[in-house]
K.L.:
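One structure coming up, written as structure tokens, with questions to follow.
Indexing begins at 1, ligand by ligand and atom by atom, following the structure's order. Here the structure is a predicted model, which means the values were calculated and not measured.
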Amino acid sequence: MDSVTLLCTISLIVGGGLYYFICGYGSAERKGKSAMDLSGGSISREKVEDNYNQYWSFFKKPKEIEKKEDVPAFVDTFYNLVTDIYEWGWGQSFHFSPSIPGKSDKEATRIHEEVAVDLLNVKPGDKILDAGCGVGGPMRAIAAHSKANVVGITINEYQVDRAKAHNKKAGLDSLCDVVCGNFLEMPFEDNSFDGAYSIEATCHAPKLEEVYAEIYRVMKPGSLYVSYEWVTTNKYNGENSEHRDIIIGIERGNALPGLRHYDQIPEIAKKVGFEVVQIKDLAIPPAKPWWDRLKMGRIAYWRNHVLVTVLTWLGIAPKGVVDVHEMLFVTADFLSRGGDTGIFSPMYMILCRKPIK
Ligand SMILES: C=C(CC[C@@H](C)[C@H]1CC[C@H]2C3=CC[C@H]4[C@H](C)[C@@H](O)CC[C@]4(C)[C@H]3CC[C@]12C)C(C)C
Ligand SMILES: C[S@@+](CC[C@H](N)C(=O)[O-])C[C@H]1O[C@@H](n2cnc3c(N)ncnc32)[C@H](O)[C@@H]1O
């Protein structure tokens, strides 16, 4: 073989390998978003790093994030920064679910979503609300399963565009609609929904009573609302510094203005007028650990870290994406520790009814 042929062969092998490493490798749910597409959502690429620093500045002045009016902007910035990385490394459903032996992560995710809508007793054609819908993974599973019309709301405009594109691609745009807005003041009529749900989203509200009251307002009397809440459990001890570190780590890596204890959830629901029909921590055994998926992904996260660093260095990914990825890397560890110690659950389920007056 002459040297030119040898060089071409080596370049082909190295190039092919690199292409597979960057674009091809990954589980089924990761396909669709490649590392080459990582962006800062609606933020222009030169401002990603600044916005990441701005996100952290909220935690330097913790009182800031207690101000109701500042929280939506802080959450919006967070989702501009993380949405692409979530889709690339997790899929279109931005939540956890208990592991199910013999089922893939994708199947376990879908089952967790279907459980929610099954609790709502909705009929085909009913109109239901998804408060904090992300890029619509749950919305599409729920619409396909129940044949209900789902209207999602998210504070993040980039997610609205992503969700609409996914709905269309899945052929579900006639059942699914998405609007950009704040779930603390929704652009919907009183008593207009036949049911409502939120999956790991209301934890972003500075005051849970405000989002519950708003969801209550738009629901028809007699209809049901189910939420999967992020909470601390009875195992959490505020005097224990390890516990405190884990919870602070979870709050900071997930744009949370402050985690609530699970006893507060039904109290708040009753305060806004709901009847509490059922409460259950879906993370409790015999449910299998929801954090197994995070732990099992560790090698892939290292690979992702290398990839994101190289892509930023080459100028393909915007500056700042490496920092965001690193923040999520650290968060994954805090979340796993929250699961291992049992002090935290991301799936405290509450089912409520708006009474018929
Ligand atoms: C409900 C919320 C989000 C929950 C989860 C969907 C996300 C929480 C932590 C995220 C991730 C952590 C590690 C990332 C990894 C380093 C990267 O290489 C690929 C993406 C991750 C796995 C990422 C995916 C989404 C999470 C699991 C909150 C915000 C209320
Ligand atoms: C972790 S994601 C979950 C998304 C979706 N439920 C899922 O499981 O894929 C939280 C969602 O809540 C939305 N959210 C947070 N605060 C909000 C607010 N004030 N108004 C509207 N949406 C909000 C975010 O934009 C994001 O879409």
Side-chain angles (χ1 to χ4, degrees), residues 26-27 29-30 33 35 38 41 68-69 71-97 105 109 112-113 116 130-142 152-160 162-163 166 178-187 197-207 210-211 214-215 227-230 250-257 259 290-291 293-308 321 324-336 338 346-347:
S27 65
E29 56 266 43
R30 287 180 200 162
K33 187 92 203 162
L38 296 179
K68 181 188 153 201
E69 58 278 15
V71 174
F74 151 77
V75 173
D76 182 34
T77 300
F78 175 79
Y79 281 106
N80 274 326
L81 297 172
V82 302
T83 294
D84 276 352
I85 301 183
Y86 275 19
E87 271 202 56
W88 168 55
W90 198 254
Q92 295 172 13
S93 292
F94 296 174
H95 63 80
F96 294 105
S97 49
D105 294 330
T109 301
H112 195 55
E113 294 163 349
D130 181 337
C133 64
V135 299
M139 166 192 286
R140 285 179 288 283
I142 281 171
I153 184 164
T154 163
I155 195 78
N156 183 260
E157 195 141 19
Y158 181 68
Q159 291 190 336
V160 174
R162 296 292 302 159
H166 290 313
V178 191
V179 299
C180 191
N182 186 349
F183 57 32
L184 301 174
E185 37 194 30
M186 293 190 277
Y197 67 90
S198 36
I199 300 187
E200 301 187 24
T202 48
C203 49
H204 288 296
K207 290 203 168 128
E210 292 182 355
V211 58
E214 186 61 356
I215 291 169
S227 183
Y228 293 164
E229 293 291 341
W230 277 35
I250 292 176
E251 290 170 352
R252 295 191 169 189
N254 295 283
L256 303 179
L259 275 169
W290 54 266
W291 61 100
R293 180 175 172 192
L294 269 182
K295 280 192 168 168
M296 274 153 46
R298 273 186 196 145
I299 296 172
Y301 307 157
W302 276 109
R303 184 277 318 258
N304 291 352
H305 183 70
V306 175
L307 208 50
V308 168
V321 170
V324 178
H325 188 266
E326 191 155 349
M327 170 184 82
L328 294 178
F329 195 97
V330 172
T331 303
D333 191 50
F334 281 120
L335 285 161
S336 301
M347 49 190 72

K.L.:
Looking only at non-hydrogen atoms, find the nearest pair between Pro72 and Asn182 and report the distance.
P.N.:
CG-ND2, 3.5 Å

K.L.:
Should you measure from each heavy atom of His95, which atoms of ligand 1 turn up under 4.0 Å away?
P.N.:
6 (C)

K.L.:
Quick one: look up the protein heavy atom nearest atom 24 (C) of ligand 1 and list residue, atom name and how far away it is.
P.N.:
Trp90 CB, 3.6 Å

K.L.:
Which pair of heavy atoms, one from Ser93 and one from Glu113, lies closest together, and at what distance?
P.N.:
OG-OE2, 2.6 Å

K.L.:
Should one rank His204, Arg293, Glu251 by closest heavy-atom distance to atom 30 (C) of ligand 1, which comes out on top?
P.N.:
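The residue whose heavy atom sits nearest atom 30 (C) of ligand 1 is His204.
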
K.L.:
Counting each atom of ligand 1 from 1 as listed, which ones have a heavy atom of Gly89 under 4.0 Å away?
P.N.:
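Checking each atom against Gly89, I get 19 (C), 20 (C).
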
K.L.:
State the CD1-CE distance between Ile153 and Met186, to the nearest 0.5 angstrom.
P.N.:
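Reported to 0.5 Å precision, the distance equals 6.0 Å.
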
K.L.:
For Phe183 and Gly132, work out which heavy atoms get closest and say how close.
P.N.:
CD2-N, 3.9 Å

K.L.:
Pick, from Tyr301, Phe329, Trp291, the option with the minimum heavy-atom distance to atom 22 (C) of ligand 1.
P.N.:
Tyr301

K.L.:
Could you find the nearest protein heavy atom to atom 2 (C) of ligand 1 and give me its residue, atom name and distance?
P.N.:
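Of every protein heavy atom, Trp230 CZ2, 3.4 Å lies nearest to atom 2 (C) of ligand 1.
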
K.L.:
Looking only at protein heavy atoms, which one is nearest to atom 10 (C) of ligand 1, and what is the separation?
P.N.:
Tyr86 CE1, 3.8 Å

K.L.:
Who's the nearest protein heavy-atom neighbour of atom 6 (C) of ligand 1, and how far?
P.N.:
Phe94 C, 3.5 Å

K.L.:
Should His325 be counted as touching ligand 1, given the test is an N or O pair under 3.5 Å?
P.N.:
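Yes, at least one N or O pair falls under 3.5 Å.
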
K.L.:
If you look at every heavy atom in Ala205 and Leu184, which pair is closest and at what distance?
P.N.:
CB-CD2, 4.3 Å

K.L.:
List every atom of ligand 1 that sits less than 4.0 Å from any heavy atom of Ala332, numbering the atoms from 1 in the order shown and giving each element.
P.N.:
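Answer, ordered by atom number: 12 (C), 13 (C).
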
K.L.:
Numbering the atoms of ligand 1 from 1, which are under 4.0 Å from a heavy atom of Asn304?
P.N.:
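Counting from 1, the qualifying ligand atoms are 17 (C), 18 (O), 19 (C).
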
K.L.:
With a 4.5 Å limit on heavy-atom distance, are the side chains of Tyr301 and Leu328 in contact?
P.N.:
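Counting from C-beta outward, Tyr301 and Leu328 never come under 4.5 Å.
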
K.L.:
Tell me which protein heavy atom sits closest to atom 11 (C) of ligand 1, plus the residue, atom name and distance to 0.1 Å.
P.N.:
Leu328 CB, 4.4 Å

K.L.:
Using 0.5 Å steps for rounding, measure from the CD atom of Glu251 to the CG atom of Leu259.
P.N.:
4.5 Å

K.L.:
Using a 4.0 Å cutoff against the non-hydrogen atoms of Glu200, which atoms of ligand 1 qualify?
P.N.:
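By the 4.0 Å cutoff, the relevant atoms are 1 (C), 30 (C).
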
K.L.:
Show me the donor-acceptor pairs within less than 3.5 Å that the side chains of residues 329-336 make with the rest of the protein, sequence neighbours left out.
P.N.:
{"from": "Thr331", "atom 1": "OG1", "to": "Met327", "atom 2": "O", "distance (Å)": "2.7"}
{"from": "Ser336", "atom 1": "OG", "to": "Ala332", "atom 2": "O", "distance (Å)": "3.0"}

K.L.:
Tell me which part of Ala255 gets within contact of ligand 1: side chain, backbone, both or neither, using heavy atoms under 4.0 Å.
P.N.:
neither

K.L.:
For the CZ atom of Arg252 and the CZ atom of Phe78, what is their distance to the nearest 0.5 Å?
P.N.:
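Rounded to the nearest 0.5 Å, the CZ-CZ separation comes to 14.0 Å.
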
K.L.:
When you measure from the heavy atoms of Gly297 to every atom of ligand 1, does any distance fall below 4.0 Å?
P.N.:
no

K.L.:
Please list, by chain and number, the protein residues whose heavy atoms come under 4.0 Å of ligand 2.
P.N.:
Val75, Tyr79, Ser93, Phe94, His95, Gly132, Cys133, Gly134, Pro138, Thr154, Ile155, Gln159, Gly181, Asn182, Phe183, Ile199, Glu200, Ala201, His204

K.L.:
So, taking the atom named SG in Cys133 and the one named CZ in Phe94, what distance separates them when rounded to the nearest 0.5 Å?
P.N.:
10.0 Å

K.L.:
May I ask you to identify the nearest protein heavy atom to atom 29 (C) of ligand 1, giving residue, atom name and distance to one decimal place in Å?
P.N.:
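Nearest neighbour among protein heavy atoms for atom 29 (C) of ligand 1, to 0.1 Å: Tyr79 OH, 3.2 Å.
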
K.L.:
State whether the shortest distance between N or O atoms of Asn254 and N or O atoms of ligand 1 falls below 3.5 angstrom.
P.N.:
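Looking only at distances, the answer is no, because the N/O contact criterion of under 3.5 Å is not met.
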
K.L.:
When rounded to the nearest 0.5 angstrom, what distance separates CD1 in Ile199 from CD1 in Ile142?
P.N.:
4.5 Å

K.L.:
Report yes or no: does His305 have a heavy atom closer than 4.0 Å to ligand 1?
P.N.:
no

K.L.:
Counting each atom of ligand 1 from 1 as listed, which ones have a heavy atom of Cys203 under 4.0 Å away?
P.N.:
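Under 4.0 Å from Cys203, ligand 1 has these atoms: 30 (C).
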
K.L.:
Which residue, Lys33, Glu87, Arg140, forms the side-chain hydrogen bond (donor to acceptor under 3.5 Å, both in side chains) with Gln92?
P.N.:
Arg140

K.L.:
Among Tyr228, Trp90, Trp291, whose ring-ring contact (aromatic ring centres under 6.0 Å, His included) with Phe96 holds?
P.N.:
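Filter result, single survivor: Trp90.
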
K.L.:
Indicate the atoms forming the closest heavy-atom contact of Thr83 with Asn156, along with that distance.
P.N.:
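Reported closest heavy-atom pair: OG1-OD1, 4.4 Å.
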
K.L.:
Hey, can you tell me if Tyr86 and Tyr79 have their rings parallel, tilted or perpendicular (30° and 60° cut-offs)?
P.N.:
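Answer is perpendicular, since the angle exceeds 60°.
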
K.L.:
Identify, for atom 9 (C) of ligand 1, the protein heavy atom at the shortest distance, and state residue, atom and that distance.
P.N.:
Leu335 CD1, 3.7 Å

K.L.:
To the nearest 0.5 Å, what is the distance between CG on Leu256 and CZ on Phe74?
P.N.:
7.5 Å

